[in-house]
Amino acid sequence: MIDSKYIIDHPLLHKAEALSKHIGNTPVHQLRHWENKNIRVFGKVEWKQMSGSIKARAAYSIILSAIREGKLIQGKRLLDATSGNTGIAYAVICKNLGIEITLCLPENASQERKDILKELGVDIIFTSPFEGTDGAQETARELFTQNHSKYFYADQYKNEQNWKAHYFTTAPEILMSVPGITHFVAGLGTTGTFMGTGRRLKESNQLIKLISLQPDYPLHGMEGWKHLETAVVPAIYDDNLSDEMELISTEEAYLTIRNIYKHEGILLSPSSAANLAGAFRIAERSENNIVVTVLPDNADKYKEVIKFLNL
């Protein structure tokens, strides 16, 4: 129920609700493997929605909830920290709604991300490349503290709507597409995908195993992922949910990009490839395993990586 103290901008709410048809409902693709043809791995093709990545789900849920609660109204700016994809999702959605946006972005984000955000009219505040999204979050918090009335601080790393987006959409879609799922595998960044999807899958069937992935080293090439031992752990993360944790190297992710392109004709992002590397690892342990992961985005925003790999 909406608190009566909030003044809801009904035209803005109607416009936001109308965007729901562009969010989620992404296809599931069964992957062939270049070594073992008997394993069953499925990837949810998340770039097939508004803004071209899985982050459309969380961004939309955060924005829609804020509008419904009167926290985001015409004249306020959306503010958050991002490594890129959530920021792009915010920007695309806000452009459709006529909402201005300020994003704190690590200076070493890919040039493609910077260019897309600038083209979408985002006010970008670049933060230290050495502090990653942790530093970007600190800058965003400082801005919000200085001027509460100017900004709606989305705070994706703490916002419950982040994981709820996946609880209410990603998980039900997986259960409908792959009803025999035995394992769900996903990397940890904001942790929203793993938390929300995992909770709903466990509620549906306690036998489904949840495998979380993180980089094997603090300095890595999976943009958006966190090495939790050396990073600020997102407030929405619950380390009791995961049945097992697997470490993925950047080299393994890049090798998977090569192999998937060779055998599937799909160019993946490093994070999508890393998810698949983890999924293949789990699937190979038993031919009874039916493993599902998410493919957050494709290689459109990673031209330097594709150039490096000579693909």
Side-chain angles (χ1 to χ4, degrees), residues 31 41 43-47 52-55 58 81-89 105-114 129-137 156-157 162 166 184-195 197-198 210-234 237 242 244-261 266-282 291-309 311:
L31 280 297
V41 172
K44 198 153 173 56
V45 186
E46 288 295 292
W47 63 84
S53 85
I54 194 171
K55 295 299 186 179
T82 179
S83 64
N85 274 339
T86 305
I88 292 170
L105 182 76
E107 198 168 8
N108 59 341
S110 70
Q111 190 59 48
E112 290 90 351
R113 280 170 158 75
K114 295 174 183 176
F130 305 107
E131 296 176 358
T133 54
D134 291 346
Q137 288 176 71
Q156 62 168 316
Y157 293 88
N162 185 337
H166 300 284
F184 175 69
V185 177
L188 300 177
T190 68
T191 75
T193 299
F194 186 79
M195 289 291 106
T197 308
L210 306 178
I211 316 298
S212 57
L213 309 174
Q214 66 169 309
D216 65 342
Y217 191 69
L219 299 176
H220 59 87
M222 282 83 82
E223 197 157 351
W225 280 33
K226 276 182 175 287
H227 184 260
L228 295 183
E229 286 75 10
T230 58
V232 175
V233 177
Y237 179 61
S242 178
E244 184 181 334
M245 171 81 74
E246 294 281 335
L247 301 179
I248 306 293
S249 69
T250 299
E251 292 74 18
E252 189 176 0
Y254 282 15
L255 177 62
T256 304
I257 292 175
R258 284 184 180 278
N259 284 324
I260 293 300
Y261 181 61
I266 302 170
L267 275 174
L268 295 175
S269 68
S271 60
S272 290
N275 276 349
L276 275 181
F280 284 132
R281 190 184 297 174
I282 299 303
V291 185
V292 179
T293 189
V294 290
L295 307 178
D297 57 351
N298 61 8
D300 287 353
K301 298 184 288 293
Y302 303 87
K303 293 177 182 176
E304 288 302 314
V305 172
I306 300 307
K307 182 179 179 181
F308 172 76
L309 294 174
L311 296 177

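Reckoned from all heavy atoms, side chains included, excluding hydrogens, waters and symmetry mates.
In terms of heavy-atom proximity, L267 sits nearest to N298 at O-CB, 3.4 Å. When all heavy atoms of A277 and T256 are compared, the closest pair comes out as CB-OG1, 3.6 Å. When every heavy atom of P234 is checked against every heavy atom of Y157, the shortest pair comes out as CB-O, 3.7 Å. Q214 approaches E229 most closely through the heavy-atom pair OE1-OE1, 3.1 Å. Taking all atoms of both residues into account, the shortest heavy-atom contact from S83 to A109 is O-CB, 4.2 Å. Shortest non-hydrogen contact noted between G43 and L31 is N-CD2, 3.6 Å.
Summarising the geometry, atom CG belonging to L268 is positioned 6.0 Å from atom CD1 belonging to I260; distances are rounded to the nearest 0.5 Å. Summarising the geometry, atom OG belonging to S269 is positioned 7.0 Å from atom CD1 belonging to I257; distances are rounded to the nearest 0.5 Å. Taking OG1 from T197 and NE2 from H166, the interatomic distance works out to 6.0 Å, rounded to the nearest 0.5 Å. Interatomic distance, CG of L276 versus CD of E252, reported as 11.0 Å (0.5 Å rounding).
For the pair E112 (side chain) and D300 (backbone), a donor-acceptor distance under 3.5 Å is absent. Between the T230 side chain and the H227 main chain, a donor and an acceptor come within less than 3.5 Å of each other. With hydrogens and angles ignored, the 3.5 Å screen pairs no side-chain donor or acceptor of K301 with any backbone N or O of G84. Here the side chain of K44 pairs no donor or acceptor atom with the backbone of T293 at under 3.5 angstrom.
Scored by the side-chain hydrogen bond (donor to acceptor under 3.5 Å, both in side chains) test, T82 finds no partners at all (sequence neighbours excluded). Residues satisfying the side-chain hydrogen bond (donor to acceptor under 3.5 Å, both in side chains) test with Y302, not counting sequence neighbours, are R113, D297. Looking at residues two or more places apart in sequence or on another chain, you find a side-chain contact (heavy atoms from CB on, under 4.5 Å) between P215 and H220, M222, W225. Applying the side-chain contact (heavy atoms from CB on, under 4.5 Å) test to A136 and every residue at least two apart in sequence or in another chain returns A81, C104, P106, T127. Scanning for salt bridge (Lys or Arg N to Asp or Glu O under 4.0 Å) contacts around E246 gives R281, R285, with sequence neighbours left out.
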Side chain to side chain contact (heavy atoms under 4.5 Å, CB included) between M245 and L213, intermediate numbers included:
CA-CA 6 Å; M245 171 81 74; L213 309 174; 5.9 Å; no
From CA spacing to verdict: side chain to side chain contact (heavy atoms under 4.5 Å, CB included), I54, T193
CA-CA 9 Å; I54 194 171; T193 299; 3.6 Å; yes
Could you walk me through whether Y254 and L309 satisfy the side chain to side chain contact (heavy atoms under 4.5 Å, CB included) test, starting with their C-alpha distance in whole Å, then the side-chain angles of each, then the deciding distance to 0.1 Å, before giving a yes or no?
CA-CA 8 Å; Y254 282 15; L309 294 174; 4.0 Å; yes
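Side-chain contact between W47 and S53 is absent, with no heavy-atom pair separated by less than 4.5 Å. Contact annotation: the side chain of Q137 approaches that of D134 to within less than 4.5 Å [non-hydrogen atoms, C-beta and beyond]. Taking 4.5 Å as the limit, every side-chain heavy atom of S271 sits out of range of all side-chain heavy atoms of E223. Annotation: side chain of L210 is not in contact with side chain of E244 (no heavy-atom distance under 4.5 Å). Between K55 and I88, every side-chain heavy-atom pair lies at or beyond the 4.5 Å cut-off. Looking at heavy atoms from C-beta onward, D216 lies out of side-chain contact with I248 at the 4.5 angstrom threshold.
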Kindly list each side-chain donor-acceptor pair under 3.5 angstrom involving residues 184-191, sequence neighbours excluded, with atom names and distances?
residue: T190; atom: OG1; partner: N162; partner atom: ND2; Å: 3.1
residue: T190; atom: OG1; partner: G192; partner atom: N; Å: 3.3

